[in-house]
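Below is one structure; the comments refer to it alone.
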Amino acid sequence: MSSLGVVYKRELNSYFSTPLAYIFIVIFLMLTGLFTFYLGRFYERGQADLLPFFNFHPWLYLFLVPAIAMRLWAEDRNNGTIEILMTLPLSLTDLVLGKFLAAWSFVGIALALTFPLWISVNYLGAPDNGVIFASYIGSWLMAGGFLAIGSCMSALTKNQVIAFILAVVVCFLFVVSGSSMVLDGFNGWAPAIIVDAIASFSFLTHFNAISKGVIDLRDVCYFLALIASWLMATAIVVDLKKAD
Amino acid sequence: MIEIEKLTKRFSSKIAVDDVSFRVVPGEVLGFLGPNGAGKSTTMKMITGFLAPTSGQIKIFNQDIAKHAIAAKRLIGYLPEGAPSYGDMTVLHYLQFIGQVRGYRGKELQQRVSEMIQTINIADVAHQKIDTLSKGYKRRVGLAQAMLHDPKVLILDEPTDGLDPNQKQQVRTLIKDLSKDKIVIISTHILEEVSAVCSRALIIARGKIVADGRPSELEAMSRYCHAITLELEGGSSDQSGHARQILAALPCVTDVEVDETNANAMTLIAVEGENIVAPVMECIQQHSWPIRDFHVERGRLDEVFRRITQEVA
């Protein structure tokens with residue numbers, strides 16, 4: 001097992017050593033159910049797909065993922081364990097990636113536990129399973145984007161509550177930049193290229209594209225590049241702020 | 001060997017460590033002394049690679065901590081101030097994690113961890129979460145973490161802070177028992193600890209080294225070096241006042257201090273470098289004063305510490 005593996009394992013285990021993981025998973029499953037069946041009118045629509053389920057994911061992640069990400073660095077900085085981590089023979093990459101991958105896996109586990117919905121919809125009709133699979137991948141990639149932002153915000157402060165609020169705000173900007181609410185504000189006067197650029201920064205634009213069933217390399221690259229840049233920013237911030 | 005050259009650390013406008021150079025060779029137990037905020041912890045954080053110096057160089061057995069950080073960090077065991085650890089892990093899991101990071105696997109890992117648990121005497125809490133432990137146990141878990149890989153360099157920031165006298169003694173014995181080819185650097189506020197465990201002491205004030213030497217050499221800098229503390233039997237305060245005047249008049253005595261709580265007790269300060277035992281004894285015998293207590297002081301480290309650090313301030 002590499003150093004990265006050791007860090008990853010400790011971080012992933014740490015979620016399950018407190019009630020945090022179980023509370024998160026229960027709330028995540030309850031909310032996805034609520035959104036799908038109540039707000040999404042899963043039955044009333046009479047269509048065999050999971051669109052009402054996936055449509056709410058960006059909004060659900062907006063609050064739930066920062067709740068997972070807020071402790072990533074703020075906790076270590078607050079109780080001093082950052083000093084242990086950074087004086088062990090570990091590289092900054094091991095730490096940043098290990099923590100991120102553990103959190104991403106954890107969100108993946110929560111997401112995977114929504115499988116009864118997938119089974120139900122197959123039982124009720126004949127959905128396009130390819131589209132559903134693509135949507136799951138898209139949703140998980142998007143969660144990674146939210147997490148990478150949250151990781152960077154967590155590195156900025158010792159206070160988990162501040163980390164949470166900062167992450168929600170930044171994530172919100174990345175979500176709404178593709179919504180008609182924001183784009184309409186630019187449509188009248190800004191050139192089309194700027195409007196497109198703003199839209200292309202949005203989680204929604206890329207997630208919606210993937211959840212139509214086409215895993216376009218550009219959309220995947222968008223999320224991976226976003227994750228990579230925010231993780232690099234995390235590494236820089238951790239290095240700058242570790243001793244504060 | 002640890003070589004530190006012209007080490008400086010500046011935090012925005014404040015200088016925490018100011019052009020500090022020293023070397024530590026294997027077998028030395030170096031004590032860092034200094035008032036709070038003198039730069040002890042900052043220096044330790046730079047030696048362990050946690051903080052990057054503003055300027056200067058640190059080499060751990062020829063590995064530059066800035067250039068070969070991982071290789072240098074492998075040689076070091078470090079207990080940060082306050083002994084932080086992961087409270088939601090059990091002692092066993094925490095030490096296993098540290099062991100894995102240090103490169104132990106499988107049987108070797110189990111063996112190393114259980115040995116350490118025995119050495120540090122924490123077997124009875126091995127399966128408890130660290131959060132539930134008392135301060136003394138937490139500190140010992142931190143020590144176990146630092147010593148797990150039998151490092152060549154051990155850096156302990158206030159290792160006995162918050163321990164009861166028995167636990168302090170235990171930790172000191174542990175440090176003394178470390179094999180003789182290691183470098184140990186400890187920081188402390190407790191001066192008796194320096195005399196008890198350190199082979200060399202550095203006094204730091206305002207980011208600079210203001211004294212460097214064996215604890216006995218530092219004690220010798222005290223005005224109480226070779227001083228005699230004595231107490232006369234019973235008697236009226238007139239009688240001991242009279243004795244005090246006679247003793248103070250001896251040419252080898254520069255000053256006499258009276259114990260505020262006991263008028264019969266006094267400390268005779270020697271003229272620098274002189275042995276005053278013989279003339280004082282003679283004087284006492286001449287007047288046949290009854291003596292209850294008589295001892296020669298080696299010097300008081302706390303007095304040296306106060307004098308040196310306040311001169312700088």
Side-chain angles (χ1 to χ4, degrees), chain A residues 1-24 68 71-99 102-103 106 155 158 160 235-244, chain B residues 9 11-12 16 41-42 44-53 60 63 65 68-90 93-94 96-106 109 129-131 138 141-142 145-146 148-149 151 153 155 157:
Chain A
M1 193 165 39
S2 64
S3 303
L4 176 65
V6 176
V7 175
Y8 172 82
K9 207 180 89 186
R10 198 215 76 81
E11 286 289 323
L12 192 58
N13 282 337
S14 81
Y15 286 103
F16 294 96
S17 68
T18 59
L20 178 79
Y22 305 100
I23 292 173
F24 179 85
I68 288 296
R71 53 170 290 281
L72 279 178
W73 295 99
E75 192 179 42
D76 275 304
R77 278 189 51 204
N78 191 38
N79 63 24
T81 38
I82 186 113
E83 210 168 328
I84 300 270
L85 289 180
M86 309 275 292
T87 52
L88 286 170
L90 295 168
S91 69
L92 197 51
T93 317
D94 290 335
L95 290 171
V96 172
L97 264 186
K99 277 173 175 284
F106 175 67
K158 279 184 180 179
Q160 296 194 28
I236 293 168
V237 173
V238 168
D239 204 39
L240 282 177
K241 305 269 290 184
K242 64 188 175 188
D244 287 6
Chain B
K9 179 73 191 177
F11 291 113
S12 54
S41 289
T42 309
M44 288 186 149
K45 283 175 185 175
M46 287 191 281
I47 298 174
T48 53
F50 180 64
L51 281 182
I60 317 279
Q63 307 275 9
I65 189 92
H68 309 285
I70 303 252
K73 284 173 185 176
R74 275 186 225 287
L75 301 172
I76 302 176
Y78 176 41
L79 174 72
E81 194 175 357
S85 56
Y86 285 107
D88 55 5
M89 293 176 99
T90 66
H93 286 156
Y94 178 60
Q96 280 171 347
F97 162 66
I98 298 290
Q100 284 172 344
V101 174
R102 294 293 185 185
Y104 295 107
R105 297 287 182 273
L109 175 70
K129 286 197 173 184
I130 296 173
D131 261 346
K138 279 184 187 161
V141 170
Q145 171 273 125
L148 191 70
H149 59 302
V153 178
I155 297 180
D157 202 345

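Below, each value reflects all heavy atoms present in this structure, side chains not excepted, and no hydrogens, waters or symmetry copies. Every chain is numbered from 1, with letters handed out A, B, ... down the list of sequences. Computed from a predicted model, the values in this text were never measured in an experiment.
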- Item | Closest-packed option against chain B by number of heavy-atom pairs under 4.5 Å, given A:L90, A:V7, A:D94 | A:L90
- Contact origin within A:N13 toward chain B - heavy atom pairs under 4.5 Å: neither
- Message: Would A:M86 and A:L95 count as a side-chain contact (heavy atoms from CB on, under 4.5 Å) here? Give the steps.
- Response: CA-CA 9 Å; A:M86 309 275 292; A:L95 290 171; 3.8 Å; yes
- Can you check whether A:F24 and A:F106 have ring centres sitting under 6.0 Å from each other? yes
- For the candidates A:P89, A:S3, A:S91, which exhibits the highest count of non-hydrogen atom pairs separated by less than 4.5 Å from chain B? A:P89
- So what's closer than 4.5 Å to chain A heavy atoms on B:I98: side chain, backbone, both or neither? side chain
- Determine the option with the most heavy-atom pairs under 4.5 angstrom with chain B, choosing from A:N79, A:D239, A:D76. A:D76
- Item | Structural part of B:S85 lying under 4.5 Å from a heavy atom of chain A | backbone
- Are A:V6 and B:R105 close enough that some pair of their side-chain heavy atoms sits under 4.5 Å apart? yes
- Evaluate the criterion side-chain contact (heavy atoms from CB on, under 4.5 Å) for residue pair A:K241 and A:W73; output intermediate values, then yes/no. CA-CA 11 Å; A:K241 305 269 290 184; A:W73 295 99; over 6 Å; no
- Would a 4.5 Å heavy-atom cut-off, applied to side chains only, mark A:L97 and A:Y8 as touching? no
- Query: Is the shortest heavy-atom distance from the side chain of B:V101 to the side chain of A:R10 under 4.5 Å?
  - Reply: no
- Task: Measure distances from A:L85 to the heavy atoms of chain B and classify the residue's part below 4.5 Å as side chain, backbone, both or neither.
- Result: side chain
- Counting heavy-atom pairs under 4.5 Å to chain A, which of B:Y94, B:F11, B:Y78 comes out on top? B:Y78
- Query: Given that the side chain runs from C-beta out, which part of B:Q145 has a heavy atom under 4.5 Å from chain A: side chain, backbone, both or neither?
  - Reply: side chain
- Task: Given side-chain contact (heavy atoms from CB on, under 4.5 Å), test B:I155 with B:I76 step by step and report yes or no.
- Result: CA-CA 7 Å; B:I155 297 180; B:I76 302 176; 4.1 Å; yes
